[in-house]
Amino acid sequence: MAETGEEEMMSTEASGFSDMSDSELLEIVDLEDAKESSASLSKPGPSEFSGTDDKPISLQNCKRRLDIMSPMERFHLKYLYVTDLSTQNWCELQMVYGKELPGFLTPEKADVLDTGASIHLARELELHDLVTVPITTKEDTWAIKFLNILTMIPTLQSEGCIREFPVFGEVEGVFLVGVIDELQYTAKGELELTELKTRKRPLLPLDAQKKKDYFQVSLYKYIFDAMVQGNVTPASLIHHTKLCPDKPLGPSVLRHAEQGGFAVKSLGDLIELVFLSLTVSDLPVIDSLKIEYVHQETATVLGTEIVAFEEKEVRGKVQHYIAYWTGHREPQGVDIEEAWKCRGCNYTDICEWKKGGGVLSSTLEPRAKKAK
DNA sequence: ATTGCTTAAGGG
Ligand code: SF4
């Protein structure tokens, strides 16, 4: 089972005999995924709500429990993705609806996303091959991520360019996880992050789109810098992810660790090794942030933005967004000036913000609506 | 499991 070599290695290498340095990245496949995927969690228990209205106590308790639980708890999240925060920047409430009702996309949108994803994948494969590794535990999943980091750092330092670099770290009390599209050293020797954004229509993005993308790449820099400066500690990582550093790693993971030349027995070893590699490899902080907008169909470059990192501004935004996740404030929809976003929103029909005209209508007093 | 857990980003 461990050996079902799905090695999709198409050696794009111009030969040579280097069995060590041919660039490969590992990806995972979950062996337990035979089971059908999750029923919806937020469904109320039938017995409590179906026939009987004379059970106010349990109902109330249930509601109160939901009220006091932060979104992090309600959604059973130990960490957030960088893109959770950047989509939150587009419309916070839309992001929340997306968490509550996942997989709620029009086929047209799904197509655009799929096209974008395959363009990204094709670019990734320009730089390295992907080897599928069977795994069963989340420790294995993270171990693969760590092994990839351990091979990518030297590659960046020697070849000058890597794609799909994993980042993670605590930001304002919440753990964030993401993947940097591309890192490369420029001619001037500066470390530059590039984020590719593909577009269905050959038009430059609106300001709102640019702001969201700017925020996304800023978060990557924020986290990456913290990593190379030693501010993302093994203890913090383990604390937030609840990984068990001593849980035995799967055989295929161990095999790949060995092949990579990494002497690790446990996940804990691997984490220490990653921490070391990040902090002693002379990795600089990211010097510049670039966003490239490309037309999907023709690959025409529509525009390239070089954005300046504004630490205070980014931190302020993060604090604001995290305050929602930790339950310190209610989610908000878009401001009236951005009501145009609601037209393209999948949740426009059910949105309580839109109904309430800029307030969550469920929190409105049941009194006179505005005269029409 | 008297209750579990995540590949991130994908574009507007
Ligand atoms: S309808 Fe508008 S306010 Fe409501 S979730 Fe969608 S974009 Fe946000």
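Each chain gets a letter, A, B and so on, in the order the sequences are listed, and its residues count up from 1. Since this is a predicted model, take the numbers as computed values, not measurements.
Rounded to whole Å, the distance from NZ on A:Lys99 to P on B:dT6 is 13 Å. Atom CD of A:Glu124 is separated from atom C1' of B:dA9 by 12 Å (rounded to the nearest Å). Computed from coordinates, the A:Trp325 CH2 to B:dT6 C1' distance equals 12 Å when rounded to whole Å. Atom pair A:Tyr79:OH and B:dC5:P shows a separation of 11 Å (rounding to whole Å applied). Atom CG in A:Leu243 sits roughly 13 Å away from atom P in B:dT7 (whole-Å rounding). In this structure, A:His240 places its NE2 atom 16 Å from C1' of B:dT6, rounding to the nearest Å. One can place CD1 of A:Ile149 at 11 Å from P of B:dA8, the figure rounded to the nearest angstrom. Counting to the nearest Å, the C1' atom of B:dT3 and the CD atom of A:Glu73 are 16 Å from each other.
Using atom P as the reference point in both B:dT7 and B:dT3, the two lie 24 Å apart (nearest Å). The gap from the P atom of B:dG12 to that of B:dA8 amounts to 23 Å, rounded to the nearest Å. B:dT6 and B:dT2: their C1' atoms are spaced 25 Å apart (whole Å).
Using a 4.0 Å heavy-atom distance criterion, A:Lys138 is classed as a sugar-phosphate-only contact. Within 4.0 Å (heavy atoms only), A:Ile144 reaches no atom of the nucleic acid at all.
Phosphate contact (OP1/OP2 of B:dT6, side-chain N/O of A:Lys242, threshold under 4.0 Å): absent.
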Discussion item. Applying side-chain hydrogen bond (donor to acceptor under 3.5 Å, both in side chains) to A:Glu124 and A:His128, what does each step give before you reach the verdict?
Written reply: CA-CA 7 Å; A:Glu124 177 181 6; A:His128 54 241; 2.8 Å; yes

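Contact annotation: side chain of A:Tyr81 to base of B:dT6, donor-acceptor pair present below 3.5 Å.
The side chain to side chain donor-acceptor pair (under 3.5 Å) search around A:Thr300 returns A:Thr298, not counting sequence neighbours. Checked against side chain to side chain donor-acceptor pair (under 3.5 Å), A:Lys197 has the following partners two or more places apart in sequence or in another chain: A:Glu195, A:Gln216.
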Side-chain donor-acceptor pairs under 3.5 Å in residues 282-294 of chain A, sequence neighbours left out?
{"unit_1": "A:Asp287", "atom_1": "OD2", "unit_2": "A:Leu191", "atom_2": "N", "d": "2.8"}
{"unit_1": "A:Ser288", "atom_1": "OG", "unit_2": "A:Glu192", "atom_2": "OE2", "d": "3.3"}
{"unit_1": "A:Tyr293", "atom_1": "OH", "unit_2": "A:Asp213", "atom_2": "OD2", "d": "2.7"}

For residues 303-312 of chain A, dump all side-chain donor-acceptor pairs below 3.5 Å to protein atoms at least two apart in sequence or in another chain.
{"unit_1": "A:Glu305", "atom_1": "OE2", "unit_2": "A:Lys210", "atom_2": "NZ", "d": "3.2"}
{"unit_1": "A:Glu311", "atom_1": "OE2", "unit_2": "A:Arg315", "atom_2": "NH1", "d": "3.0"}

Between protein and nucleic acid, restricted to nucleotides 10-12 of chain B and to nitrogen or oxygen atoms under 3.5 Å apart, what atom pairs and distances do you find?
{"unit_1": "B:dG10", "atom_1": "OP1", "unit_2": "A:His120", "atom_2": "NE2", "d": "3.2"}
{"unit_1": "B:dG10", "atom_1": "OP1", "unit_2": "A:Glu195", "atom_2": "OE2", "d": "2.9"}
{"unit_1": "B:dG10", "atom_1": "OP2", "unit_2": "A:Glu195", "atom_2": "OE2", "d": "3.4"}
{"unit_1": "B:dG10", "atom_1": "OP2", "unit_2": "A:Lys197", "atom_2": "NZ", "d": "2.5"}
{"unit_1": "B:dG10", "atom_1": "OP2", "unit_2": "A:Gln216", "atom_2": "NE2", "d": "3.4"}
{"unit_1": "B:dG11", "atom_1": "OP1", "unit_2": "A:Thr198", "atom_2": "N", "d": "2.9"}
{"unit_1": "B:dG11", "atom_1": "OP1", "unit_2": "A:Thr198", "atom_2": "O", "d": "3.1"}
{"unit_1": "B:dG11", "atom_1": "OP1", "unit_2": "A:Thr198", "atom_2": "OG1", "d": "2.3"}
{"unit_1": "B:dG12", "atom_1": "OP1", "unit_2": "A:Lys200", "atom_2": "N", "d": "3.2"}
{"unit_1": "B:dG12", "atom_1": "OP2", "unit_2": "A:Arg199", "atom_2": "NH1", "d": "2.9"}
{"unit_1": "B:dG12", "atom_1": "N7", "unit_2": "A:Gln209", "atom_2": "OE1", "d": "3.4"}
{"unit_1": "B:dG12", "atom_1": "O6", "unit_2": "A:Lys212", "atom_2": "NZ", "d": "3.3"}
{"unit_1": "B:dG12", "atom_1": "N1", "unit_2": "A:Trp90", "atom_2": "NE1", "d": "3.3"}
{"unit_1": "B:dG12", "atom_1": "N1", "unit_2": "A:Gln94", "atom_2": "OE1", "d": "3.3"}
{"unit_1": "B:dG12", "atom_1": "N2", "unit_2": "A:Trp90", "atom_2": "NE1", "d": "3.1"}
{"unit_1": "B:dG12", "atom_1": "N2", "unit_2": "A:Gln94", "atom_2": "OE1", "d": "2.8"}
{"unit_1": "B:dG12", "atom_1": "N2", "unit_2": "A:Gln94", "atom_2": "NE2", "d": "2.8"}
{"unit_1": "B:dG12", "atom_1": "N3", "unit_2": "A:Trp90", "atom_2": "NE1", "d": "3.4"}

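The ring-ring contact (aromatic ring centres under 6.0 Å, His included) analysis of residues 140-199 of chain A, with sequence neighbours excluded, yields the pairs A:Tyr79-A:Trp142, A:Trp142-A:Phe146, A:Trp142-A:Phe168, A:Phe146-A:Phe168, A:Phe165-A:Phe224, A:Phe175-A:His240.
When only modelled atom types and interatomic distance are considered, A:Glu172 and A:Gln319 share a side-chain donor-acceptor pair under 3.5 Å.
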